[in-house]
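As structure tokens, the structure follows; a few thoughts come after it.
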Amino acid sequence: MSMNTQGRPTKPGEADGAFHPKTFTGNRGLDMEEPLIFEFASLETTGVDLDEDDSADFELGGHERKAEIGLPGLAEPEAMRHYVRLSRNNFAIDSGLYPLGSCTMKHNPRLNEKMARLPGFGDIHPLQPVSTVQGALELMEDLAHWLMVSTNTSAVAMSPKAGAHGELCGMMAIKAAHTAAGRDPKIVLVPESAHGTNPATAALLRYKVVSIDAKDDGTVDLEALKRTIAEHSGNIAGIMLTNPNTCGLFERDVRQIAEMIHAEDAYFYCDGANFNAIVGKARPGDLGIDAMHINLHKTFSTPHGGGGPGAGPVVLSRRLAPFAPLPFIRKTDKGLELVETEASTAEGEKPFGRMTAFHGQMGMYVRALSYMMSHGSDGLRQASEDAVLNANYIRVGLQDLMSLPFGERPCMHEVLFDDSFLKDTGVTTLDFAKAMIDEGYHPMTMYFPLVVHGAMLIEPTESESRASLDLFIATMRDLVMSAKRGETDRFEGAPYLAPRRRLDETTAARKPVLKWTKPEPAEVTSAAAE
Ligand SMILES: *Cc1c(COP(=O)(O)O)cnc(C)c1O
């Protein structure tokens, strides 16, 4: 049996010469094959026992369903096994290092989960009378307070559900501010290295996106910015800038950028998704920002759900604060109240509208505040420092073998490599990432940011121990050496050990099959057809 470098037997692969039985079930030991729920469940089975509904009194005016609903039925143990088996095919931050740059896949402390499940937080409903949820509103106020303190800003819109939603909220506040001032500028400036959601947000609001070049060191080119501002003077609504930027570098000229933008009567939107690198070290309000979303699921450790439910509160400067959307909380003598309508706003409050039905994602608020409170300000600062330290530890551990597009200078919370170290090896960034899966790692972010060729963006976060980082670095070094030795087999067919090998991602993206259709029975006899 072959051993890995840690002295443990490796998982049998096709290439190691050992005997690999073709199993009857298709399962490979604890690696279970799991069909789609529609393929094995039956309509007759159910996991619950409900009385027949004998009231024929429908109130749907003839629109009620007449046929069977056709949903698959499972007994409780079948349902349990199906989802547990599927979950075992998942990779998660709870199962291993997840170095997805820009995404901040950090540990979600269990204390947060415990707090979020307290009945007073977990079992409330947004339509409950406000007098019965004063504690929840107070928690929201507390969280809002600390978000404003840590960013030195004047207001925060709590309701956006994710980073991109927060961008939309911040840019709508900016648009409302221009409209209130009788202006209608048409252009939003976006640096080259921006996250795709930035230009998408600007375009959704019908702004024209004008790109700003980067310098050779990966940061915004001030001269290029100056030229662009002069060219479009009077027609610029704002800039959308990420800091630290998506190359993992701190934009040192951020104050000058803010001044140049403000001199144009335009606004500075900061993409705050990377706030986790600077919490406790720098306050974005001091850097001149007017609006910034905070991804609670990145900086403050709330879970990244499968696209939600999340929370992306937006902090606003004094100039933008009046335009914060409904609903918001107001302190009165009788306690906390929710301002739900324009009619109930006070003098000077000019909300641009409403983004969500209710007040926000309570479960995420509880988790984020729990993370803040359990760390304290010194702990939050240390978390940022550790995140930056870990990224630099990886940078230094790999920079002699992999290629740094902007030289061997310190990075922030993530380190960006390009693919020039793979030149002439026949191995691509994609192949390299797939080979990482065989080693038990989720790949890093690939081909983003677009400003470098074959980007590999690695963000370890503060969650990883030194031992975990050492093993990761050693694995990456082994892969690089293997590529340089010309062992292309290890890469071209990778992943060999994942349940589904390499998928045709292009076809999956271009022609997605989103609906299961029951396969025709193979043979229909004339007797059965009758
Ligand atoms: C994650 C991220 C976003 C988008 O945040 P979501 O919560 O995924 O919508 C925007 N910008 C940057 C730089 C990010 O890393």
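Ligands are counted one by one from 1 in listed order, and the atoms in each one are counted from 1 as well. We count residues from 1, following the sequence as given.
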Identify all N/O pairs between ligand 1 and the protein with a separation under 3.5 Å and present them as a table of atom names and distances.
residue, atom, partner, partner atom, Å
ligand 1, 5 (O), Asn295, ND2, 3.0
ligand 1, 7 (O), Gly163, N, 2.8
ligand 1, 7 (O), Asn295, ND2, 3.1
ligand 1, 7 (O), His297, NE2, 2.8
ligand 1, 9 (O), Gly163, N, 3.3
ligand 1, 9 (O), Ala164, N, 2.8
ligand 1, 11 (N), His195, ND1, 3.4
ligand 1, 11 (N), Asp271, OD1, 3.3
ligand 1, 11 (N), Asp271, OD2, 2.5
ligand 1, 15 (O), Ser102, O, 2.8
ligand 1, 15 (O), Ser102, OG, 2.7
ligand 1, 15 (O), Lys298, NZ, 2.7

*Roughly how far, to the nearest 0.5 Å, is the CH2 atom of Trp146 from the OG1 atom of Thr151?*
12.0 Å

*Anything under 30° is parallel, anything over 60° is perpendicular, the rest tilted; go ahead and classify Phe491 against Phe432.*
parallel

_Option passing side chain to side chain donor-acceptor pair (under 3.5 Å) with Asn276 (candidates Lys298, Lys106, Glu459)_ = Glu459

*Report the residues that fulfil side chain to side chain contact (heavy atoms under 4.5 Å, CB included) with Thr429, sequence neighbours left out, ordered by chain and then residue number.*
Asp419, Met446, Tyr447, Met456

*Not counting sequence neighbours, which residues clear side chain to side chain contact (heavy atoms under 4.5 Å, CB included) with Ser374? List them please.*
Leu111

*Kindly state each residue pair satisfying ring pair (Phe, Tyr, Trp, His ring centres under 6.0 Å) with at least one member in residues 188-218, sequence neighbours excluded.*
His195-Phe448

